[in-house]
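Everything below concerns the one structure shown next.
All values derive from a computational prediction rather than experimental measurement. All residue numbers refer to positions in the sequence shown, counting from 1. Whatever order the structure lists ligands and atoms in, that order sets their numbers, starting from 1.
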Amino acid sequence: MPTNPDFRYKEAEKQYLQASTPEEKLRALERMLSLAPKHKGAEKLRADLKARIKRLREKLDAEKKKAKARKARAIKKEEMQALLVGVANVGKSSLLASLTNAKPEISPVEFTTQEAMPGTLFFEDVRIQLVDMPPVTSDSFDKSMAYNTDLLLLVITSPEQLQEIEKRIEKSRAKRLVVINKIDEISKDKLNSMVVWLKTKGYSFVLVSAKTREGLEELKQRIWLSFGKIRVYTQEPGKEPSEEPIILEKGAVISDALEEIREGLSKQVKEIRLSGPSAKFPRQKVSLSHELADRDIIEFSLR
Ligand SMILES: Nc1nc2c(ncn2[C@@H]2O[C@H](COP(=O)(O)OP(=O)(O)O)[C@@H](O)[C@H]2O)c(=O)[nH]1
Ligand SMILES: [Mg+2]
């Protein structure tokens, strides 16, 4: 095995040139420094290596910090989540600002939104997580979020944009609701032809203007309905119904509601009385298998 320091230095230099990651580059540079000649004539070489090592270390540290921050900001999906997706400048951020408590940056400059931003939409006793997304055409658009969400709000101002969006999210199984925004500045003719086209394509859609707020109440309603869930309230004998409903899938029965409150609760109830849309009359006595409807009120006593 050759022990010639000059030969080993050349080997390390070769590793440096062939390195495929910054980490490998850094290791090779450190090795080069340890093998570099120590005499006075090589001072400049050693100083140069040290400077390159320092720069690379700083770059790696900065990248690590960024990755960590990105992870910390990752949005935790709530029970009901809808994403605002679309190309640049269609008014996604404006819609988030109009529908929720969030304060995103809104601007006519394209690609203003670089990162997903969540807000909470309060609608008739329920809270829905609404997320403003970077444009689908940008690198910062996180496809995995589109695959894991419940509802995609496809925000468009012209029909071609819909194909542009679908190309990028076609594999997502989430429900879709098309939101045509800026109806305050779209001509009647263009709007009519868009409506006809969406109908033939079988899309559900809503017409809105984030600017004039036209259609926003209907949009909220349609968002809630898209989840296909029901709200059920509980009531203790002689008291007011609960303010926060239990959210259940359509088709849920009384025992589902009780188990949602506390595991095992359905085995402890003595008597159940039901009021609301699915009851024949207020405080009707029902069994655990009674199918619930939106806005039902359950009253129960324990054994
Ligand atoms: N006329 C009109 N302009 C809108 C409407 N919604 C948003 N804008 C404007 O369109 C531009 C882009 O809005 P922004 O919400 O940042 O779009 P994003 O890129 O999709 O998030 C801004 O100048 C908004 O003021 C709308 O309903 N009508
Ligand atoms: Mg935006």
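Nearest residue to atom 14 (P) of ligand 1 from Gly215, Pro134, Ala97, Ser94 is Ser94 (criterion: closest heavy atom).
With respect to atom 19 (O) of ligand 1, the closest heavy atom belonging to the protein is Asn89 N, 2.8 Å. For atom 16 (O) of ligand 1, the closest non-hydrogen atom of the protein is Ser107 N, 3.2 Å. Among protein heavy atoms, atom 6 (N) of ligand 1 sits closest to Asn181 ND2, 3.2 Å. Closest to atom 25 (O) of ligand 1 among all protein heavy atoms lies Ile106 CG2, 4.1 Å. From the protein, the heavy atom lying nearest to atom 28 (N) of ligand 1 is Asp184 OD1, 2.7 Å. The nearest heavy-atom contact from the protein to atom 5 (C) of ligand 1 is Lys182 CG, 3.6 Å.
In this structure, CZ in Arg57 is found 9.5 Å from CG in Leu60, a value given to the nearest 0.5 Å. A distance of 9.0 Å separates OG1 of Thr157 from CG of Asn89, quoted to the nearest 0.5 Å. One finds the CG atom of Asp48 at 10.0 Å from the CD1 atom of Ile53 (value rounded to the nearest 0.5 Å).
At distances below 3.5 Å, not a single donor-acceptor pair connects side-chain atoms of Ser93 with backbone N or O atoms of Pro104. Glu164 places no side-chain N or O within 3.5 Å of a backbone atom of Val136 that could act as its donor or acceptor partner.
Using a 4.0 Å cut-off between heavy atoms, Glu185 contacts ligand 1 through its side chain alone, with no backbone atom that close. Contact annotation: for Val155 versus ligand 1, there are no heavy atoms closer than 4.0 Å.
Inclusion of Val90 in the set of residues having an N or O under 3.5 Å from an N or O of ligand 1 is warranted. On a distance-only criterion, Ala210 and ligand 1 share at least one N/O pair closer than 3.5 Å. Taking only nitrogen or oxygen atoms, main chain and side chain alike, Gly91 reaches within less than 3.5 Å of ligand 1. For ligand 1, the polar-atom distance check finds no N/O of Asp132 at less than 3.5 Å from any of the ligand's N/O atoms.
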Verdict with reasoning, Lys220 to Glu217, per salt bridge (charged side-chain N to carboxylate O under 4.0 Å, His left out): CA-CA 5 Å; Lys220 288 185 198 176; Glu217 281 311 309; 3.2 Å; yes

Derivation of the salt bridge (charged side-chain N to carboxylate O under 4.0 Å, His left out) call for Glu30 and Arg27: CA-CA 5 Å; Glu30 282 166 347; Arg27 254 176 280 131; over 6 Å; no

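Residue pairs that meet the side chain to side chain donor-acceptor pair (under 3.5 Å) test with at least one member in residues 191-205, sequence neighbours left out, are Glu166-Tyr203.
The nearest N, O or S atom of Ser93 is closer to the Mg ion (ligand 2) than 2.8 Å.
Side chains of Ser275 and Glu299 form no contact here, defined as non-hydrogen atoms less than 4.5 Å apart.
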